[in-house]
Amino acid sequence: MKRILIATMLMLLMSSYTQAQLNKVALNVGYESMQKKSGYLGAEYRFNNNDLRNNHGPLNVGVGGYLYGEDGKFTISPEIHLNKTWMHFLITELSASTKNIKPSVGLSLMNLGRLQFGYSFPIDNSDFKGFYFGFHILIGRPPFYDEIKVY
């Protein structure tokens with residue numbers, strides 16, 4: 001119950017701040033598999049939108065939660081992550097939750113979707129361990145997404 005309350009408070013705080021900056025925020029919906037299959041629901045904030053002069057790409061920070069079943073009950077585990085896009089399609093991410101710490105690399109499709117691979121290090125002998133695979137879809141307003149770079 002305490003975890004659900006903390007996750008709800010984080011989401012409310014982030015949503016109140018982002019009302020004025022909706023063009024830099026997107027809903028993050030995904031699927032993750034790391035020995036335990038789970039859904040993911042969260043929000044992402046993009047720090048630098050569409051800076052096409054460099055190949056480093058945007059820096060995103062996000063909060064959300066893993067949605068999974070444990071002992072026949074629906075459970076939510078809060079998570080926070082930081083990711084960086086390189087050359088408009090490569091992505092690196094570091095995530096931390098109450099269950100694991102997870103570095104990953106992957107591919108980004110114009111910041112609309114992500115395909116990630118990595119390794120999940122468990123905290124307190126949780127089931128979130130081992131090699132990781134995830135797919136995420138980002139739903140936001142057009143300035144959030146990468147522009148197509150035409151030469």
Side-chain angles (χ1 to χ4, degrees), residues 1-49 51 56-141 143-146:
M1 184 66 179
K2 188 186 260 186
R3 290 180 189 152
I4 294 172
L5 183 61
I6 290 171
T8 304
M9 291 300 290
L10 283 174
M11 293 298 287
L12 288 174
L13 286 173
M14 187 166 176
S15 69
S16 66
Y17 173 73
T18 58
Q19 291 299 320
Q21 305 208 11
L22 287 176
N23 62 339
K24 292 185 175 187
V25 175
L27 179 68
N28 184 345
V29 179
Y31 167 80
E32 301 192 352
S33 176
M34 53 194 124
Q35 192 172 17
K36 182 179 259 315
K37 293 165 181 39
S38 66
Y40 183 85
L41 183 62
E44 295 223 0
Y45 179 78
R46 186 171 185 169
F47 281 106
N48 50 348
N49 269 357
D51 185 8
H56 298 302
L59 177 67
N60 292 353
V61 64
V63 299
Y66 299 119
L67 313 169
Y68 61 97
E70 185 172 53
D71 299 329
K73 293 182 180 180
F74 179 72
T75 308
I76 298 174
S77 177
E79 183 256 2
I80 186 166
H81 63 267
L82 181 68
N83 61 44
K84 177 79 172 148
T85 304
W86 305 93
M87 297 187 302
H88 301 288
F89 66 93
L90 297 174
I91 189 167
T92 57
E93 180 174 295
L94 180 61
S95 303
S97 78
T98 58
K99 302 284 184 181
N100 65 346
I101 295 174
K102 180 183 64 174
S104 63
V105 297
L107 299 173
S108 175
L109 175 63
M110 294 173 50
N111 214 24
L112 287 167
R114 294 185 189 132
L115 186 61
Q116 296 173 274
F117 305 94
Y119 193 83
S120 176
F121 299 97
I123 297 174
D124 294 334
N125 297 322
S126 74
D127 290 336
F128 288 89
K129 59 185 172 184
F131 288 101
Y132 154 79
F133 164 79
F135 178 75
H136 294 262
I137 297 172
L138 301 167
I139 303 166
R141 291 188 176 178
F144 181 83
Y145 304 117
D146 292 340

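These numbers were taken from a predicted model, which means no experiment stands behind them.
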Gap between atom CZ of Arg114 and atom CG of Asn83 - 0.5 Å precision
4.0 Å

Output for pair (Gln116 CD, Thr92 OG1), nearest 0.5 Å, gives 9.5 Å

Within 45° cone and under 6.0 Å: Lys99 NZ/CZ vs Phe128 ring:
no

Least distance between heavy atoms, Gly42 atom then Leu27 atom:
O-CD1, 3.2 Å

Take atom NZ of Lys129 as the centre, draw a 6.0 Å sphere, and report whether it contains more than 12 heavy atoms from other residues, nucleotides or ligands.
no

Member of Glu44, Glu93, Glu32 meeting the side chain to side chain donor-acceptor pair (under 3.5 Å) criterion with His136
Glu32

Give the ring-plane orientation class for Phe117 versus Phe133, where under 30° counts as parallel, over 60° as perpendicular and anything between as tilted.
tilted

In terms of side-chain heavy atoms, does Tyr132 have a donor or acceptor partner in Gln35 at a distance below 3.5 Å?
no

Can you tell me if CZ on Phe131 sees more than 12 non-hydrogen neighbours from other groups inside 6.0 Å?
no

Between Thr98 and Ser77, what is the shortest heavy-atom contact and its length?
OG1-OG, 2.8 Å

Testing the basics here: between Asn100 and Ser120, what is the closest heavy-atom pair and its distance to 0.1 Å?
ND2-OG, 2.8 Å

Under 3.5 Å donor-acceptor, Ser126 side chain and Pro122 backbone:
no

What distance do Ile101 atom CD1 and His81 atom NE2 have between them, rounded to the nearest 0.5 Å?
15.5 Å

